[in-house]
Colleague: 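Take this structure first; my questions come after.
On a predicted model such as this, the values are computed, not experimentally measured, just so you know. Side chains are part of it too, since the values below use all heavy atoms of this structure and drop only hydrogens, waters and symmetry mates. Numbering starts at 1 and runs along the sequence shown.
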Amino acid sequence: MDSLRKYRDCLGCFPTGVAIATTISADNALHGLTINSFSSVSLEPPLILFSLDRQASSFDAFHHSSHFAINILTETQAALSQQFSLSHMGKWADVSYKAGHYSGCPLIEDVMAVLECRKKHLYDGGDHLIFIGEVLHFEIVSPHANPLLYYRGNYRELGNSLHTSPKGTF
Ligand SMILES: Cc1cc2nc3c(=O)[nH]c(=O)nc-3n(C[C@H](O)[C@H](O)[C@H](O)COP(=O)(O)O)c2cc1C
């Protein structure tokens, strides 16, 4: 097994949620891709991040856009995640969305939650570019749904709660 494969396998030990990052370009074209690099950064001010592969076909659109949105997926949206994890035209053909009031970016309907962001900082992240966004608006769209999870190369669903809460101020 090559070392890059082993490295990816090691990173895959950390379970994540799954989201679709979206933006709209100056010519009104919609762009979106599946991500699991989404993370919160700061509460005050509210900042989040995701990292974008420099080889992604949507790279230029996100790079040039002033805003982006994060659409957090539910466990029923694995097919949608697949659809946005391939570079192809017509990703949006059968997707219901509305334009974000604060960012203009497409907000996908029936997701778990959405965050509309203004692009605040860009940082070099090797073969990725790290986007830090200031959250302009957020909404839990489906409060009773469960999130889609990603772990060791497979989609997963939420397991049982351990009924042990973290101590401290978190
Ligand atoms: C679960 C999952 C998580 C992913 N996370 C990221 C990510 O955080 N950043 C990224 O650039 N690509 C990520 N990808 C890969 C992109 O979704 C994929 O390269 C997509 O084809 C890019 O679309 P585009 O080329 O049309 O921009 C992920 C794919 C999957 C299935």
Side-chain angles (χ1 to χ4, degrees), residues 7-8 10-26 29-75 77-88 91-92 95 97-142 145-156 158:
Y7 179 51
R8 293 180 72 123
C10 183
L11 297 176
C13 291
F14 191 64
T16 67
V18 182
I20 296 176
T22 60
T23 195
I24 183 166
S25 45
L30 304 182
H31 305 271
L33 82 160
T34 299
I35 59 162
N36 69 342
S37 53
F38 167 72
S39 183
S40 63
V41 174
S42 162
L43 296 178
E44 292 177 316
L47 302 175
I48 59 94
L49 71 75
F50 79 100
S51 61
L52 179 58
D53 189 339
R54 294 178 186 274
Q55 302 293 327
S57 61
S58 57
F59 181 84
D60 287 346
F62 279 94
H63 198 193
H64 292 132
S65 181
S66 57
H67 293 77
F68 63 85
I70 302 292
N71 300 260
I72 299 174
L73 300 186
T74 71
E75 64 184 4
Q77 293 174 318
L80 195 63
S81 174
Q82 292 290 73
Q83 189 168 329
F84 279 86
S85 66
L86 299 169
S87 298
H88 63 97
K91 274 179 181 175
W92 292 90
V95 178
Y97 64 90
K98 62 180 182 183
H101 184 66
Y102 297 83
S103 66
C105 297
L107 306 181
I108 299 172
E109 291 192 349
D110 300 326
V111 294
M112 184 93 205
V114 292
L115 300 101
E116 289 186 67
C117 304
R118 186 201 334 264
K119 198 168 72 186
K120 179 98 171 161
H121 305 290
L122 292 176
Y123 293 111
D124 178 30
D127 57 12
H128 284 56
L129 187 64
I130 300 166
F131 286 69
I132 303 263
E134 178 186 6
V135 179
L136 303 177
H137 178 71
F138 61 90
E139 184 182 348
I140 300 176
V141 179
S142 307
N146 285 324
L148 180 63
L149 304 182
Y150 189 70
Y151 174 63
R152 291 191 149 183
N154 286 310
Y155 295 110
R156 303 271 184 147
L158 212 56

Colleague: Nearest 0.5 Å, please: how far is OG in Ser103 from CG in Leu136?
Modeller: 7.0 Å
Colleague: As an exercise, state the distance from CG of Leu73 to OG of Ser142, rounded to the nearest 0.5 Å.
Modeller: 10.5 Å
Colleague: When you compare the side chain of Lys119 with that of Ser66, does any pair of heavy atoms fall below 4.5 Å?
Modeller: no
Colleague: Got a second to check how far Leu49's CG is from Ser37's OG, nearest 0.5 Å?
Modeller: 7.0 Å
Colleague: Are there more than 12 heavy atoms of other residues, nucleotides or ligands under 6.0 Å from atom CD1 of Ile140?
Modeller: no
Colleague: Please identify each residue that fulfils side chain to side chain donor-acceptor pair (under 3.5 Å) with Arg156, with sequence neighbours left out.
Modeller: none
Colleague: Roughly how far, to the nearest 0.5 Å, is the CD1 atom of Ile132 from the OG atom of Ser51?
Modeller: 10.5 Å
Colleague: Of all the heavy-atom pairs spanning Arg152 and Cys13, show the shortest one and how long it is.
Modeller: NH2-SG, 3.3 Å
Colleague: Indicate the atoms forming the closest heavy-atom contact of Gln83 with Lys91, along with that distance.
Modeller: NE2-O, 2.7 Å
Colleague: Could you tell me which non-hydrogen atom of Pro147 sits nearest to which non-hydrogen atom of Met112, and how far apart they are?
Modeller: N-SD, 3.7 Å
Colleague: Sequence neighbours excluded, which residues qualify as salt bridge (Lys or Arg N to Asp or Glu O under 4.0 Å) partners of Arg118?
Modeller: Glu134
Colleague: Answer whether the closest heavy-atom distance between the side chains of Gln55 and Asp127 falls below 4.5 Å.
Modeller: no
Colleague: Please enumerate all residues that pass ring pair (Phe, Tyr, Trp, His ring centres under 6.0 Å) together with His64, with sequence neighbours excluded.
Modeller: none
Colleague: Would you name the heavy atoms of His31 and Ser25 that are closest together and state the gap between them?
Modeller: NE2-OG, 3.0 Å
Colleague: Does Phe38 have its ring centroid less than 6.0 Å away from the ring centroid of Phe50?
Modeller: no
Colleague: Look up atom CG in Asp110 and atom OH in Tyr97, then write down how far apart they are to the nearest 0.5 Å.
Modeller: 15.0 Å
Colleague: Below 4.5 Å, heavy atoms only, C-beta onward: do Val95 and Leu80 meet side chain to side chain?
Modeller: yes
Colleague: So for atom CG, which belongs to Leu86, do other residues, nucleotides or ligands contribute more than 12 heavy atoms lying within a distance under 6.0 Å?
Modeller: yes
Colleague: Does any non-hydrogen side-chain atom of Leu52 lie less than 4.5 Å from one of Phe68?
Modeller: no
Colleague: Would you call Arg54 and Asp60 a salt bridge, using N to O less than 4.0 angstrom?
Modeller: no
Colleague: Sequence neighbours excluded, which residues qualify as ring pair (Phe, Tyr, Trp, His ring centres under 6.0 Å) partners of Phe138?
Modeller: none
Colleague: Tell me whether Ser58 contacts the main-chain N or O of Ala61 through its side chain, where contact means a donor paired with an acceptor under 3.5 Å.
Modeller: no
Colleague: Measure the shortest side-chain to side-chain distance between Thr74 and Leu148 over non-hydrogen atoms and say whether it is less than 4.5 angstrom.
Modeller: no
Colleague: Measure the shortest side-chain to side-chain distance between Val141 and Val114 over non-hydrogen atoms and say whether it is less than 4.5 angstrom.
Modeller: yes
Colleague: When you compare the side chain of Phe59 with that of Asp53, does any pair of heavy atoms fall below 4.5 Å?
Modeller: no
Colleague: Do Glu75 and Tyr155 have side-chain N/O donor and acceptor atoms under 3.5 Å apart?
Modeller: no
Colleague: Ignoring hydrogens and angles, tell me if any N or O in the side chain of Lys120 forms a donor-acceptor pair with the backbone of Ile48 under 3.5 Å.
Modeller: no
Colleague: For residues 17-24, dump all side-chain donor-acceptor pairs below 3.5 Å to protein atoms at least two apart in sequence or in another chain.
Modeller:
from	atom 1	to	atom 2	distance (Å)
Thr22	OG1	Asn71	ND2	3.4
Thr22	OG1	Pro106	O	2.7
Thr23	OG1	Ser65	OG	2.7
Thr23	OG1	His67	O	2.7

Colleague: Roughly how far, to the nearest 0.5 Å, is OH of Tyr150 from CG of Asn36?
Modeller: 7.0 Å
Colleague: Between Leu122 and Ile130, is any pair of side-chain heavy atoms under 4.5 Å apart?
Modeller: no
Colleague: I need the minimum non-hydrogen distance between Gly133 and Cys117, along with the two atoms involved.
Modeller: CA-CB, 4.0 Å
Colleague: Could you tell me which residues satisfy side chain to side chain donor-acceptor pair (under 3.5 Å) with Ser87, sequence neighbours excluded, listed by chain and number?
Modeller: none
